[in-house]
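Order of listing sets the numbers, starting from 1, for every ligand and every atom in it.
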Amino acid sequence: MTTAQLLTGHVLTFTDDPFIVPWPDAVRIEENSAVLVKDGHIVATGTAATAQGTHAKRHDYPGHLICPGFVDAHAHYPQTAIIASWGKRLIDWLNTYTFPEEMRFGDPDYAQSTADTYLDLLLDHGTTSVASFCTIHSTSVDALFTAAADRNMAVVAGKTCMDRNAPDGLRDTAQSAYDDSKALLERWHCTGRARYAITPRFSPTSTEDQLAALGALWAEHPDALMQTHLSEQVDEIAWVRDLCPQARDYLDTYEAHGLLGTRGLYGHAIHLEPREIHRLREVGAGLVHCPTSNTFIGSGLFDLMGLTSQGLRAGLATDTGGGSSFSMLRSMAAAYEIAQLRGVAVHAAQLLWLATAGSARVLHHSDEIGQIASGLAADLCVLNLASTSAIAQRHARAEDIWDAVFPTIMMGDDRAIADVWVAGQKR
Ligand code: GUN
Ligand code: ZN
């Protein structure tokens, strides 16, 4: 048994989905409250935490916001070193910057050092969980899960499968994608905090044989996740139409091969047809909004409010390194800006929910991460709401607690992360 820890400060809690019910009925900030942590888990919150925590070690965060650790629902850790590469749109960006860098992950030492660097960057930015693509190399998956286990982080990852339209050295086959993914899934899925995601990169780089093989693997392991990309750029969608003329639409290239399901994560999902929206909602699939990526590589404006109000499930992500930041604060700000360009204002409560509970829900991991509630893992992020002079002077004018939080969402970065806790340990 470890010593109990009592964190005091303003505490963010959720009772519902703020995209379905009005946000004040779903999200609360309890001012001057507390969280009691023991043996890696949250034991109590609010007055119960204070009452039960009289002998606990105290960590006082006056005026700070104690949030669930951020959950980044779609990223590419192998793109850490090529983040912010200039001047290309999706397909040229993949060929010019991404594929040459991903080639390097055949070297286990390079993969391990990048995985370690990447997860340390995430923690610096308050992110305690991520769903990441790896490369075609099994060693790249072992590296990320090893780095995650060293830090006790709940991480979702999978070997990125590609058997066409990728350079020599970066292609597998339908059979080897199946065999390698199966071996990795059996090695890592539900080992400690690890979860495996079967990972066809996207239809342009997987033949129908490969998609079918991965669909078969998912049918054999339905408790695993499946992550891919969907309808990110207009040129990409036209290419998919040429490559798969028999498909009804982009989603059908996955659906036809058993790759549409409730545990499926569909990154971007910007330019959707009515049939695709209908099917994604019907199966309860997870859409992952990647706003800094969508502006950085010029993809388009995701319809966050329109899709969620129809009952589709969405999470939030950086999409590093198509995304231009490691920060979920920056991702929330970009989600706000994209919604403004579509004519709607997303509330801070909705943004914080999306970056934590919303992402945890699309990862089917809400039993462990994404909320401050007793029984869940004590993965926490403590935000300084006046971390820079620019934010502090705006914060000083705040009229209520939400007005005090919003400047940090819009202007904050890693300097706003006062502390991060992973499974009850302060990092
Ligand atoms: N589509 C297929 N691969 C990728 C990738 O690595 N990043 C982004 N943003 N889109 C993709
Ligand atoms: Zn991506």
Side-chain angles (χ1 to χ4, degrees), residues 72-85 87-105 114 118 130-137 140 144 156-167 170-172 197-206 210-211 214 225-240 243-244 250-251 253-254 259 264-271 286-302 314-326 331 334 338 359 362-363:
D72 184 344
H74 177 121
H76 300 256
Y77 96 84
Q79 297 169 15
T80 298
I82 56 128
I83 192 169
S85 289
K88 304 286 180 192
R89 292 169 65 87
L90 178 59
I91 305 304
D92 287 343
W93 174 84
L94 286 171
N95 287 319
T96 307
Y97 299 119
T98 306
F99 291 159
E101 177 63 14
E102 292 194 6
M103 209 91 84
R104 301 181 67 173
F105 284 71
T114 306
Y118 174 72
V130 64
S132 181
F133 287 61
C134 299
T135 65
I136 68 150
H137 313 95
S140 73
L144 186 63
V156 176
K159 171 195 137 70
T160 297
C161 301
M162 299 197 276
D163 67 343
R164 66 171 168 181
N165 294 319
L170 215 53
R171 287 191 309 275
D172 48 17
I198 296 163
T199 307
R201 176 174 223 121
F202 66 159
S203 293
T205 51
S206 288
Q210 180 166 85
L211 295 172
L214 295 173
L225 294 146
M226 192 288 302
Q227 59 182 351
T228 189
H229 297 87
L230 176 68
S231 297
E232 180 177 0
Q233 290 207 344
V234 171
D235 294 355
E236 170 211 13
I237 297 166
W239 192 22
V240 170
L243 288 167
C244 315
Y250 196 152
L251 184 67
T253 65
Y254 300 129
L259 292 170
L265 297 160
Y266 302 86
H268 304 285
I270 299 169
H271 309 281
L287 309 186
V288 188
H289 183 21
C290 306
T292 74
S293 171
N294 298 163
T295 50
F296 184 72
I297 50 179
S299 301
L301 307 178
F302 178 74
L316 187 67
T318 60
D319 191 30
T320 301
S324 54
S325 173
F326 296 96
S331 300
I338 286 181
S359 285
V362 298
L363 300 183

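The only option from Ser206, Pro200, Ser203 that meets the side-chain contact (heavy atoms from CB on, under 4.5 Å) definition with Thr253 turns out to be Ser203. Among the candidates Thr135, Ile198, Asp172, the single residue satisfying the side-chain contact (heavy atoms from CB on, under 4.5 Å) test with Lys159 is Asp172.
The part of His268 lying near ligand 1 is the side chain, judged by heavy-atom distances below 4.0 Å. At a 4.0 Å heavy-atom cut-off, ligand 1 does not touch Thr205 at all.
Around the Zn ion (ligand 2), protein N, O or S atoms at less than 2.8 Å number 4.
In this structure, Arg171 contributes its side chain and Asn165 its backbone to no donor-acceptor pair below 3.5 Å. Looking at Arg201, its side chain never comes within 3.5 Å of a backbone N or O of Thr160 through a donor-acceptor pair. Of the possible donor and acceptor atoms, one in the side chain of Gln227 sits under 3.5 Å from a partner among the backbone N and O of Ser132. Looking at Ser140, its side chain never comes within 3.5 Å of a backbone N or O of Ile136 through a donor-acceptor pair. Using a distance-only test at 3.5 Å, with no hydrogens or angles considered, a donor-acceptor pair links the side chain of Thr292 to the main chain of Ser324.
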Notebook entry, point to check: When you look at Tyr97 and Gln79, which way does the side-chain hydrogen bond (donor to acceptor under 3.5 Å, both in side chains) test go after all the steps?
Noted result: CA-CA 9 Å; Tyr97 299 119; Gln79 297 169 15; over 6 Å; no
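Two rings, from Phe202 and Phe133, have their centers 6.0 Å or more apart.
In this structure, Tyr266 and Tyr254 have tilted ring planes: the angle between them lies in the 30° to 60° band.
Of all heavy-atom pairs between Ala73 and Ser359, the closest is CB-OG, 3.7 Å.
For Phe133, the heavy-atom gap to ligand 1 stays at 4.0 angstrom or more. Within the 4.0 Å heavy-atom cutoff, Gln79 counts among the residues contacting ligand 1.
Ligand-side atoms of ligand 1 in range of Phe202: 1 (N), 2 (C), range being under 4.0 angstrom from any heavy atom. Each of the following atoms of ligand 1 lies closer than 4.0 Å to a heavy atom of Trp93: 5 (C), 6 (O), 7 (N). Numbered from 1 in the order shown, with element, the atoms of ligand 1 that lie under 4.0 Å from a heavy atom of Arg201 read 2 (C), 3 (N), 4 (C), 5 (C), 6 (O).
Inclusion of Thr98 in the set of residues having an N or O under 3.5 Å from an N or O of ligand 1 is not warranted.
In terms of protein heavy-atom proximity, atom 9 (N) of ligand 1 is closest to Asp319 OD2, 2.7 Å. With respect to atom 10 (N) of ligand 1, the closest heavy atom belonging to the protein is Glu232 OE1, 2.7 Å.
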